[in-house]
J.: 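Following this message is one structure expressed as structure tokens.
Letters go in sequence order (proteins before strands), and every chain restarts at 1. These numbers come from a predicted model, not from an experiment.
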There are 2 protein chains.
Amino acid sequence: MAAKRRPFPSVGQKKKRTLQTENKKQLILKVATEVFAEKGFNEATISQIAQEAKIAEGSIYDYFKNKEDLLFSIPEERMENFLSGIHESLEGVKGALNKIRKIIWYHLNFYEKNKDYVVILLQNIQKNPRFNSTRAYRLIREFSKLVVQIIEEGKKEGLIRTDIDSPLLRDAILGAIEHITIRGSILGRLPTLTGAAETLYDFFASGIQPQSSAVTLPLREFLRMKESMGKRIYGKPAKT
Amino acid sequence: MAAKRRPFPSVGQKKKRTLQTENKKQLILKVATEVFAEKGFNEATISQIAQEAKIAEGSIYDYFKNKEDLLFSIPEERMENFLSGIHESLEGVKGALNKIRKIIWYHLNFYEKNKDYVVILLQNIQKNPRFNSTRAYRLIREFSKLVVQIIEEGKKEGLIRTDIDSPLLRDAILGAIEHITIRGSILGRLPTLTGAAETLYDFFASGIQPQSSAVTLPLREFLRMKESMGKRIYGKPAKT
DNA sequence: TAGTTAGGTGAATGATACTCATTTTAAAAA
DNA sequence: TTTTTAAAATGAGTATCATTCACCTAACTA
């Protein structure tokens, strides 16, 4: 046992000590991230991680409850960065659709810049039911709620159809992002992720049907035209 | 070693033997599916599977190379059913969009009816890189190609925008389906999956923007209106 | 200096995937 | 029917980890 013990009651040189401890934890996390990313959770061994971090196997258990806890600890810091980054990048963005566009871009960009991490998160962690009781998972939920909020906001603004089930739309958007990322990581196409952002946004925003067989125009314009004519008009988009 | 051995050169009562062997393999697969679904791959033990199948541990290795091979063998039969079912249900369906709608529905419906299997496939198998060299994975790829084909077909028919990257759209659609399914399985909401199909299709087909702030109408109608006026008209949908 | 404790260690333990020498079973031959 | 033969099945034994714990080291206090 080491890290769990109560620190000195004095305040003297304690900081230095704590810093070293914190450094060691970070070191283990860094090495573990590399090893897990390379070998996968099952094939990675504690002894290999210990060796590469140049510490004893037992020391790992001073900082983490077990191998799985070590794995689940990897996303914590990154998720915090992700979340604060999202909030930052949304500042000043007006309108739900623009926010969604930004989120899609930021999300793919984040994955593109955190390859090792993405492999671990998507392949080893996210679908493990025990991950749900994790701090990092709570952060993911928070993000997930944010997306729903933005969708609801969009409904109120009149920018998103009100008959849409918000959580379902969120799942569709996040699922699409994730799947594209996984395919990218398996096929080694991660560097092009960000380029897919605008296209992906467009699928959801405008749909996949062409505008050539139907014309969409602002309501005001439409009403003006209609007024100056006296004609029967279709209100719904052409369906096949 | 057992199952690998060459059968007798004669033809006599061989069938009975082979059948029993096949049955045993199926039995192991059935029990393994249950155990893996309940405990997850890591927590499930070979000894538990052997016990519940009422056979010796060693026998499992007569039929499967190792634990992972056993896991990866589970999707084979189901994927075959899935694929033939898809082809069947697409018979007589005209138009790429209708086919995509059908695929989304069939996919979600299949998952809804194969709960145990879905949990295993999505949580333990699909994102494992070694799964890529599997027979079952080849079937998934086949399905994946089918979707791309349909999208391309839709472009030629003029039903889908030609500026869309087909594999990207495929990934978005399949990713959305998968994510919704996973959320459903974690939250125990699988029974409502099929209900989400039409909504999901609609996200992609028509987009999420309301028709109230913009009006879409057939090109002929639009041209007729335009002709009888003399006005400047927008050709693109309103963006926020 | 002596005492205290955070911090670190690695051999020992137990669990489990996988192997293999042996036994059992049942088809084919005699 | 009895004998022969190879397929099937077995489970004790092996190797490989994850995890524990009794002990060590060094820094800080008094």
J.: Between B/Lys24 and D/dA9, is there a contact of a side-chain N or O with OP1 or OP2 at under 4.0 Å?
T.: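 Affirmative; the distance criterion is met.
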J.: It should be established whether B/Tyr63 places a side-chain nitrogen or oxygen under 4.0 Å from OP1 or OP2 of nucleotide D/dA9.
T.: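 Answer is yes, contact under 4.0 Å.
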J.: Mind calculating the distance between CG (A/Asn23) and P (C/dG7) to the nearest angstrom?
T.: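 Between P of C/dG7 and CG of A/Asn23: 12 Å.
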J.: Quick one: are the ring centres of B/Phe143 and B/His107 less than 6.0 Å apart?
T.: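 Yes, ring centres under 6.0 Å apart.
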J.: Using distance only, find each side-chain donor-acceptor pair of residues 47-60 of chain B under 3.5 Å and give its atom names and separation, not counting sequence neighbours.
T.:
from	atom 1	to	atom 2	distance (Å)
B/Gln48	NE2	B/Glu52	OE2	3.1

J.: Just to be sure I understand the geometry, which residues of residues 43-59 of chain A put a non-hydrogen atom under 4.0 Å away from DNA chain C?
T.: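 Hits under 4.0 Å, by residue number: A/Ile55, A/Ala56, A/Gly58, A/Ser59.
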J.: Could you give me the CA-CA distance, side-chain angles and deciding distance for B/Arg78 and B/Asn81, then say whether side chain to side chain donor-acceptor pair (under 3.5 Å) is met?
T.: CA-CA 5 Å; B/Arg78 309 245 189 173; B/Asn81 292 341; over 6 Å; no
J.: Main chain of B/Ala44, side chain of B/Lys67: is a donor-acceptor contact present, judged purely on distance under 3.5 Å?
T.: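 Yes.
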J.: Evaluate ring pair (Phe, Tyr, Trp, His ring centres under 6.0 Å) for B/Tyr106 paired with B/Phe82, printing each intermediate quantity in order.
T.: CA-CA 9 Å; B/Tyr106 184 88; B/Phe82 176 77; 5.7 Å; yes
J.: Determine whether the aromatic ring centres of B/Phe72 and B/Tyr137 lie less than 6.0 Å apart.
T.: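 When the ring centroids of B/Phe72 and B/Tyr137 are compared, they turn out to be at least 6.0 Å apart.
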J.: Measure from CD on A/Glu68 to P on D/dC17 and round the result to the nearest Å.
T.: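 My rounded result for the distance is 18 Å.
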J.: Between B/Tyr61 (OH) and C/dA17 (P), how many Å, whole number?
T.: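 Atom OH in B/Tyr61 sits about 6 Å away from atom P in C/dA17.
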J.: Mind calculating the distance between CZ (B/Phe64) and P (C/dC18) to the nearest angstrom?
T.: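 Result: 13 Å.
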